[in-house]
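The block underneath contains the structure these notes are about, expressed in structure tokens.
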Amino acid sequence: MDSLEHLNPQQRAAVTASAGPVLVLAGPGSGKTRVLTFRIGYLLSQLGVAPHHILAVTFTNKAAREMQSRVEKLLGHSLQGMWLGTFHAICARILRREQQYLPLDANFVIFDEDDQQALIKRALRDLNLDEKLYRPTSVHAAISNAKNNLILPEDYPTATYRDEVVARVYKRYQELLVSSNAVDFDDLLLYAWKLLNEFSTVREQYARRFEHILVDEFQDTNLAQYELVKLLASYHRNLFVVGDEDQSIYRWRGADYRNVLRFEEDFPDRQKILLEQNYRSTQRVLDAAQAVINRNRNRTPKRLKSTPEHGEGEKLVLYEAVDDYGEAAFVVDTIQQLVAGGKARPGDFAIMYRTNAQSRLLEEAFLRAGVPYRLVGAMRFYGRREVKDMIAYLRLVQNPADEASLGRVINVPPRGIGDKSQLALQMEAQRTGRSAGLILMELGREGKDSPHWQALGRNASLLADFGSLLGEWHRLKDEISLPSLFQRILNDLAYREYIDDNTEEGQSRWENVQELLRIAYEYEEKGLTAFLENLALVSDQDTLPENVEAPTLLTLHAAKGLEFPIVFITGLDDGLIPHNRSLDDPEAMAEERRLFYVGLTRAKKRVYLVRAAQRSTYGSFQDSIPSRFLKDIPADLIQQDGRGRRMGRSWQSESRRSWDDNYAGTWGSRPERAKPSHAPILQPRFKPGMRVKHPSWGEGLVVDSRIQDEDETVDIFFDSVGFKRVIASIANLEILS
DNA sequence: CCGATGAAACACTGG
DNA sequence: GTTTCATCGG
């Protein structure tokens with residue numbers, strides 16, 4: 001490990017820190033991954049720790065793979081026995097090993113978002129609740145939030161009637177999961193924590209084993225993950241966590257950057273190391289990013305410094321397009337020009353956006369220009385119906401109790417089992433206390449001899465046909481290889497004939513199925529359980545094709561941990577960045593700002609800030625105003641790209657006026673915001689007592705209104721969602737009385 | 001029970 | 001612009 005010479009003093013202090021709790025606060029590009037890999041290498045080679053005594057937690061599987069290969073390269077041998085993976089993957093591993101302590105059997109499956117949603121709906125139906133009144137998404141969010149905060153159904157606080165309802169749904173949902181022999185993502189963490197919390201022998205076993213625990217992206221852990229790590233580290237207390245409060249962007253998923261503060265309270269003897277030296281970006285990029293993030297309160301102030309060889313760097317380029325088509329065209333044009341001029345390679349570029357929906361226009365522009373691109377996002381492939389259906393078949397074979405998968409495929413392709421038959425089957429399952437899948441398999445095996453045959457009447461025969469198929473696959477699953485099983489199912493279903501109707505679309509559907517089959521071949525050795533588990537736990541970043549030289553399209557969230565020479569941040573309009581749904585919540589606004597900061601700090605050399613004066617939502621055009629975060633970047637760090645202004649159109653004069661009069665020269669100095677279409681508001685339009693109507697929240701009562709930043713901020717109590725704070729120019733309020 | 005058709009709702013981020 | 005749901009005739 002003489003390579004320690006190549007680390008800076010802070011990095012070296014972190015890598016060689018003595019035993020005990022260590023907190024590393026690492027700014028973007030400060031060599032965080034390097035510190036983690038060297039730390040593992042140091043533990044293994046200098047302190048003689050055996051790989052099997054180390055646990056390292058990363059944010060994505062991709063990060064885990066990268067870290068593994070980096071350490072192996074550093075040491076020159078393999079890391080057999082070390083535990084390395086995401087929280088969810090590690091918990092799944094623990095749960096499978098300790099399955100006897102759980103209300104599940106070893107074949108349990110992991111439910112994805114759709115399955116969870118379906119199960120919530122089922123629970124609502126079972127409890128006779130109105131889906132209109134109790135939106136499945138919102139109920140599910142409340143339950144997920146509870147789980148992330150280690151709140152069990154019986155402990156769910158019921159301050160209001162609504163809470164009481166949620167508590168009942170939570171309870172029922174959990175029963176349904178257990179009877180499906182399934183867990184959701186949150187259960188992976190919750191069960192693992194419960195297991196270690198309740199069974200001291202199990203806790204001892206793991207806590208003694210893991211002499212050293214390392215956690216990456218610590219700012220994005222939630223309470224369940226934090227408490228779990230504390231239990232795992234309870235014996236040796238060698239807990240090495242690395243994070244950056246400024247890059248915490250998963251609050252909505254339960255992540256709490258205050259875990260950094262908790263860590264300092266819970267481990268007062270912790271060593272604390274600050275990494276501020278940036279090895280990634282030019283100073284201009286860093287100055288812009290810091291100007292943005294410095295507006296957030298409650299953070300550890302940092303002073304990011306670039307290295308001399310990066311130099312000052314170029315100014316950030318700002319481009320305002322007419323509309324979102326122009327925005328996409330600008331991105332593709334710029335890339336083509338830079339590549340054609342030999343200034344950059346296609347793989348140097350990343351195009352970032354706030355919402356996935358924004359990728360469509362960008363993709364179209366790339367396609368039209370004939371420029372290949374790569375898109376980050378699992379949805380693309382795994383979200384396809386035919387892929388989900390095949391996965392559901394495999395899950396059902398693995399775990400016949402899986403109600404969600406059964407419901408999905410019981411009549412796909414159509415085999416005459418409609419709503420009526422399915423309901424009858426469900427009733428029979430409830431009556432006999434067995435799972436629908438087991439009943440089906442018994443019908444298939446025993447036919448008329450089964451006691452269920454009579455009970456199901458004229459539905460029995462078709463159900464039995466399907467049951468015998470299912471039973472046959474289930475029998476084969478431990479005899480033949482995963483790919484053979486997969487092909488057997490395809491054959492038995494005549495699935496190709498079903499989905500491939502010889503249209504272009506049909507062919508692409510079949511290609512998707514074959515791609516899944518190809519992936520199944522990769523799991524020939526590891527088997528069905530591992531295959532399904534990996535499918536459930538792939539992250540967006542994991543789907544990024546490697547070694548492909550093309551621009552990368554991705555959300556700002558997916559950009560975390562990555563870096564690119566040239567970064568486009570698109571959709572820099574109020575309502576997108578910051579997002580509409582965050583405007584009324586200061587904590588959410590702070591997170592939007594961090595998200596922008598994360599995007600900016602991905603760039604090594606150059607940043608393009610792109611917005612559109614108009615964009616299409618739901619099909620119709622709407623005017624938009626520049627992101628309020630733009631004005632926090634000092635003017636001397638920004639240059640405008642003039643191309644947009646020469647495209648003579650009616651918007652031109654207006655855009656120019658808005659820019660020159662309200663914007664240019666005001667960077668960071670005056671707190672003004674551009675107003676393309678109307679003069680600054682001086683008098684409130686809304687007064688307390690008024691009835692108003694909001695496009696999504698419906699009617700409400702104005703409680704208060706005031707002028708802020710030349711716009712009107714209105715506090716409203718809505719009939720449907722309660723108290724909200726809105727910006728009048730954005731909210732599109734209608735005065736009713 | 002099935003497939004087609006059109007209306008209606010609809011999308012923030014993701015393991 | 002896309003997906004999901006409700007309805008209808010076969």
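In the text below, chain A, chain B and the rest are named by the order of the sequence lines, each starting its count at 1. Just so it is clear, the structure is predicted and the values come from calculations on it, not from any experiment. Both backbone and side-chain heavy atoms feed into the values below; hydrogens, waters and symmetry mates do not.
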Yes or no on side chain to side chain donor-acceptor pair (under 3.5 Å) for A:E217 and A:Q219, after CA distance, side-chain angles and deciding distance? CA-CA 5 Å; A:E217 305 286 6; A:Q219 77 282 354; 2.9 Å; yes

Those residues at least two apart in sequence (or on a different chain) that pass side-chain contact (heavy atoms from CB on, under 4.5 Å) with A:E587 are A:R251, A:Y257, A:D585

Got a salt bridge between A:R509 and A:D501, using NZ or NE/NH1/NH2 to carboxylate O under 4.0 Å? yes

Tell me: CG of A:D186 to C1' of B:dG14, nearest whole Å? 11 Å

Those residues at least two apart in sequence (or on a different chain) that pass ring pair (Phe, Tyr, Trp, His ring centres under 6.0 Å) with A:W83 are A:F210

Will you find, in the side chains of A:Y226 and A:D256, an N or O donor that is under 3.5 Å from an N or O acceptor? no

With nearest nucleotides of DNA chain B determined for A:G416 and A:A536 from heavy-atom distances, which residue corresponds to the more 5′ nucleotide? A:G416

Check every strand shown and say whether A:K121 touches a base, only sugar-phosphate, or nothing at a heavy-atom separation below 4.0 Å. sugar-phosphate

Taking salt bridge (Lys or Arg N to Asp or Glu O under 4.0 Å) as the cut-off, I'd like each qualifying pair that reaches into residues 129-139 of chain A, sequence neighbours left out, listed once. none

Shoot me the first and last contacting nucleotide of DNA chain C against chain A, ordered 5' to 3', at under 4.0 angstrom to non-hydrogen atoms. C:dG1 to C:dC5

To the nearest Å, how far apart are A:F111 CZ and B:dG14 C1'? 19 Å

A:R253 side-chain proximity, nearest of B:dC2, B:dC1, B:dG15: B:dG15

Counterpart residues, ring pair (Phe, Tyr, Trp, His ring centres under 6.0 Å), relative to A:Y134 (two or more places apart): none

Taking CG from A:L532 and P from B:dG15, how many angstroms apart are they, rounded to a whole number? 18 Å

Distance col, row A:D220:CG vs A:F87:CZ, nearest 0.5 angstrom, shows 11.0 Å

Whole angstrom is fine here: how far is it from CG in A:N61 over to P in B:dG15? 9 Å

Would you kindly give the CD-to-P distance between A:E217 and B:dG14, to the nearest whole Å? 15 Å

In this structure, how many angstroms lie between the P atom of B:dG15 and the CG atom of A:D216, rounded? 15 Å

Any N/O pairs under 3.5 Å between the protein and nucleotides 6-13 of chain B? List them or say none.
residue	atom	partner	partner atom	Å
B:dC10	OP1	A:R135	NH2	2.8
B:dC12	OP1	A:R581	NH1	2.9
B:dC12	OP1	A:R581	NH2	2.9
B:dC12	OP2	A:R581	NH2	2.6
B:dC12	O4'	A:H579	NE2	3.1
B:dC12	O2	A:R354	NH1	3.1
B:dC12	O2	A:R354	NH2	2.1
B:dT13	OP1	A:N356	N	2.4
B:dT13	OP1	A:N356	ND2	3.0
B:dT13	O2	A:W252	NE1	2.7
B:dT13	O2	A:R354	NH2	3.0
B:dT13	O2	A:H557	NE2	3.3

Under 3.5 Å, side chain of A:D112 to main-chain N/O of A:A536, donor-acceptor pair present? no

Just checking A:R415: base, sugar-phosphate only, or nothing, at a heavy-atom cut-off of under 4.0 Å? sugar-phosphate

Establish, with yes or no, whether the OP1 or OP2 oxygen of B:dG15 is under 4.0 angstrom from a side-chain nitrogen or oxygen of A:N148. no

Given the P atoms of B:dA11 and C:dA6, what is the spacing between them in whole Å? 15 Å

A:D184 CG - B:dG14 P separation (whole Å): 18 Å

To the nearest angstrom, how far is A:D112 atom CG from B:dG15 atom P? 12 Å

